[in-house]
Amino acid sequence: MGKRLRRYFRRYFISYRTKFMLTFLLLISVPLLIIGILTYSKYSSNVERNAENYTRQIVDQIRLNLDRYIKEIDRLTLTPLYDNEILEILEAHGGSYRGTVYLTSEEEQKMNLFISSMVFERHEIESILIFANDGALFSNFSVNVNDFWLKEREEDWMQRVVQEEGLTVLPPHRVSYYNTGEKQVVSIARIIRHPSTFRILGIIKADLTANGMERIFSPAIFENNSQLFLYDKYGARIYPIDGETPTEADGSEYLSASAVSEYTGIEILANIPLRDLKKEARDLTNFTALITVVSLVFAFILAVFLANRLVRPIRHLQSKMSLVQKGYFKEQAVVSSNDEIGQLTEGFNRMVREIDRLIREVYETKLREREAELSALQSQINPHFLYNTLESINMMAVQANN
């Protein structure tokens with residue numbers, strides 16, 4: 001490979017200016033590209049790892065908040081056991097189920113005040129209801145809730161509460177005791193047993209609103225496209241009341257974290273889209289790409305400037321060498337730097353001066369030799385010419401008998 005490159009460079013002329021420009025561009029662009037790729041890779045992995053830890057912390061915080069909240073509701077559901085008047089009213093309606101029952105105004109007033117005190121400043125609770133055995137229904141919203149419940153419509157969730165005995169978290173189910181029609185609610189309920197006889201007197205039930213449940217999870221700050229799901233110990237979805245399940249997502253990849261409450265058995269599942277997690281990494285990549293482009297433009301301008309500055313003395317020296325080749329031995333290059341190029345220029349000037357001196361010496365020597373030859377010839381010619389002249393005079397004198 002190296003030999004082929006050398007043959008290529010020998011075959012094709014590439015100026016030093018071009019070589020300098022390419023060198024500067026490579027020295028700037030290659031490190032920037034390597035840094036950008038490594039930064040994106042490292043940052044993406046760190047973001048994903050930090051987001052996973054953060055999600056687990058949030059899920060665990062939700063579990064703690066949920067346990068704390070359900071424990072508070074659990075204490076509320078036990079308050080009827082400590083109020084004798086409430087127990088007396090429930091005992092009065094502790095007979096067999098009759099459907100439609102008659103409630104006195106005193107009973108309604110006492111039960112309404114008692115239940116209203118339980119839900120004071122609890123906006124996440126739609127209503128708290130007490131279901132008596134004979135079909136009587138008490139609540140804090142006497143205007144919006146019927147004063148009786150229908151066994152055929154409420155029997156399913158009631159049987160589950162009776163079977164579980166203690167506090168029960170009911171997944172979304174439809175109820176018909178509201179005057180506005182059927183509603184789908186999530187509820188927390190328990191049976192009410194007489195503290196002395198342990199006889200079942202009824203069921204106390206707290207219906208939660210969807211907005212109210214979100215307030216429970218308010219400390220959990222997720223991305224806009226994140227998903228939060230709650231499942232009871234039987235796998236039934238508790239939250240969201242209405243919405244898609246994880247298998248109904250848009251097919252995107254998600255980072256998931258889950259936790260199970262030991263107190264209620266509720267499983268908390270949080271999904272965060274990986275594309276949202278890597279958004280910051282993509283932004284960093286785009287920013288790095290922008291910086292790279294700006295740097296390359298700056299590097300190109302700088303490379304042109306530096307290449308011209310570095311090549312200018314060489315071109316100047318090259319032009320002087322061309323003149324010397326044509327016989328102008330008086331030319332001298334200007335020394336503009338104190339580096340290798342400057343030293344090369346000084347050497348060139350000394351060489352030209354020496355050549356000029358040698359040429360002058362050789363030329364003058366040849367001239368002197370020619371003059372010496374002429375002088376020698378002249379010295380040889382002069383006596384011979386004189387003798388010939390005298391001989392001619394002598395012959396003429398002899399002929400004339402002079």
Side-chain angles (χ1 to χ4, degrees), residues 70 73-74 76-77 80 86 89-90 92-105 107-116 118-119 122-193 200-216 230-243 245 266:
I70 292 180
I73 300 299
D74 191 14
L76 285 178
T77 59
I86 301 301
I89 294 173
L90 292 177
H93 293 274
S96 59
Y97 176 77
R98 292 180 294 172
T100 303
V101 295
Y102 173 74
L103 301 177
T104 65
S105 59
E107 290 175 339
E108 288 185 349
Q109 183 178 9
K110 287 183 178 180
M111 295 296 284
N112 183 268
L113 289 174
F114 173 76
I115 297 174
S116 297
M118 296 171 64
V119 298
R122 290 188 174 276
H123 304 289
E124 77 281 359
I125 297 178
E126 179 79 17
S127 62
I128 291 183
L129 310 104
I130 296 179
F131 298 80
N133 290 342
D134 62 353
L137 179 59
F138 306 97
S139 73
N140 56 313
F141 289 126
S142 58
V143 177
N144 297 328
V145 178
N146 298 327
D147 55 2
F148 62 92
W149 56 273
L150 299 176
K151 184 176 182 181
E152 62 273 13
R153 294 188 178 180
E154 316 300 338
E155 188 173 11
D156 291 340
W157 66 263
M158 283 186 170
Q159 286 182 354
R160 177 172 174 177
V161 174
V162 172
Q163 290 174 357
E164 294 191 10
E165 185 69 28
L167 189 72
T168 303
V169 179
L170 299 171
H173 59 285
R174 306 195 70 82
V175 295
S176 60
Y177 42 75
Y178 288 100
N179 292 332
T180 55
E182 287 191 350
K183 280 188 177 183
Q184 184 164 262
V185 295
V186 173
S187 305
I188 301 174
R190 72 158 53 246
I191 58 175
I192 302 175
R193 289 184 179 272
I200 296 177
L201 301 178
I203 295 176
I204 183 170
K205 182 172 183 277
D207 290 343
L208 306 179
T209 63
N211 293 334
M213 293 188 68
E214 291 178 359
R215 292 182 183 180
I216 301 174
L230 270 67
Y231 299 91
D232 65 9
K233 56 186 177 183
Y234 302 107
R237 191 183 67 201
I238 298 175
Y239 178 85
I241 296 177
D242 295 313
T245 62
I266 294 176

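- Summarising the geometry of Ser139 relative to Leu129, their closest heavy-atom pair is CB-CD2, 3.9 Å, with the distance given to 0.1 Å.
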> Can Ile266 and Leu230 be said to form a side chain to side chain contact (heavy atoms under 4.5 Å, CB included), step by step?
Replying inline: CA-CA 7 Å; Ile266 294 176; Leu230 270 67; 4.1 Å; yes

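- Taking the salt bridge (charged side-chain N to carboxylate O under 4.0 Å, His left out) definition, one finds that Glu182 meets it with Arg174, sequence neighbours left out.
- Side-chain atoms of Ser176 and Glu154 form a donor-acceptor pair, as typed in the model, at a separation below 3.5 Å.
- Residues Trp157 and Ile203 form a side-chain contact, since some pair of their non-hydrogen atoms from C-beta on lies under 4.5 Å apart.
- A search for side chain to side chain donor-acceptor pair (under 3.5 Å) contacts involving Glu164 returns Arg160, Thr168, Tyr234, not counting sequence neighbours.
- The heavy-atom pair separating Ser127 from Tyr178 by the smallest distance is OG-OH, 2.6 Å.
- Applying the side chain to side chain contact (heavy atoms under 4.5 Å, CB included) rule to Ser105 yields no partners; only residues at least two apart in sequence or on another chain are considered.
- With sequence neighbours left out, the side chain to side chain donor-acceptor pair (under 3.5 Å) criterion links Ser116 to no other residue.
- With rounding to the nearest 0.5 angstrom, the CZ atom of Phe114 is 10.0 Å from the CD1 atom of Ile89.
- In terms of the ring pair (Phe, Tyr, Trp, His ring centres under 6.0 Å) criterion, Tyr102 has no residue partners (sequence neighbours excluded).
- Here the CG-OG distance, from Asp134 to Ser96, works out to 8.0 Å after rounding to the nearest 0.5 Å.
- Contacts of Asp156 classified as side chain to side chain contact (heavy atoms under 4.5 Å, CB included), with partners at least two apart in sequence or in another chain: none.
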> Given the rule in the side chain to side chain contact (heavy atoms under 4.5 Å, CB included) test, do Leu170 and Lys205 qualify, once you have shown the distances and angles that lead to the verdict?
Replying inline: CA-CA 10 Å; Leu170 299 171; Lys205 182 172 183 277; 3.9 Å; yes

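- Exactly one residue among Ile192, Asn133, Ile200 makes a side-chain contact (heavy atoms from CB on, under 4.5 Å) with Leu90. That residue is Ile192.
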>> One pair to check against ring-ring contact (aromatic ring centres under 6.0 Å, His included): Phe138 and Trp149. What are the steps and the verdict?
In response: CA-CA 10 Å; Phe138 306 97; Trp149 56 273; over 10 Å; no

>> As a quick check of understanding, evaluate side chain to side chain contact (heavy atoms under 4.5 Å, CB included) for Asp147 and Glu108, giving each step before the final call.
In response: CA-CA 9 Å; Asp147 55 2; Glu108 288 185 349; 4.3 Å; yes

>> Applying side chain to side chain contact (heavy atoms under 4.5 Å, CB included) to Leu103 and Met111, what does each step give before you reach the verdict?
In response: CA-CA 11 Å; Leu103 301 177; Met111 295 296 284; over 6 Å; no

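- Between the His173 side chain and the Val185 main chain, a donor and an acceptor come within less than 3.5 Å of each other.
- Separation of atoms CG (Leu167) and CZ (Arg190) is listed at 5.5 Å; rounding is to 0.5 Å.
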>> side-chain hydrogen bond (donor to acceptor under 3.5 Å, both in side chains) for Gln163 and Gln159? Distances and angles first, verdict last.
In response: CA-CA 6 Å; Gln163 290 174 357; Gln159 286 182 354; 5.0 Å; no

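- Every side chain to side chain donor-acceptor pair (under 3.5 Å) that Glu165 has, sequence neighbours left out, goes to Arg193.
- Contacts of Lys151 classified as side chain to side chain donor-acceptor pair (under 3.5 Å), with partners at least two apart in sequence or in another chain: none.
- Considering all non-hydrogen atoms of both residues, Ile238 and Tyr231 come closest at CD1-C, 4.0 Å.
- With hydrogens and angles disregarded, a donor-acceptor distance shorter than 3.5 Å links the side chain of Asn140 to the backbone of Ile128.
- Put simply, the residue from Ile191, Thr77, Ile188 that forms a side-chain contact (heavy atoms from CB on, under 4.5 Å) with Ile204 is Thr77.
- Distance check, rounded to the nearest 0.5 Å: CD1 of Ile130 to CG of Leu201 gives 10.5 Å.
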>> What verdict does the side-chain hydrogen bond (donor to acceptor under 3.5 Å, both in side chains) test give for Tyr177 and Asp207, after you've listed the backbone C-alpha separation in whole Å, the side-chain angles of each residue and the deciding distance to 0.1 Å?
In response: CA-CA 12 Å; Tyr177 42 75; Asp207 290 343; 2.7 Å; yes

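- Scanning for ring pair (Phe, Tyr, Trp, His ring centres under 6.0 Å) contacts around Phe148 gives an empty result, with sequence neighbours left out.
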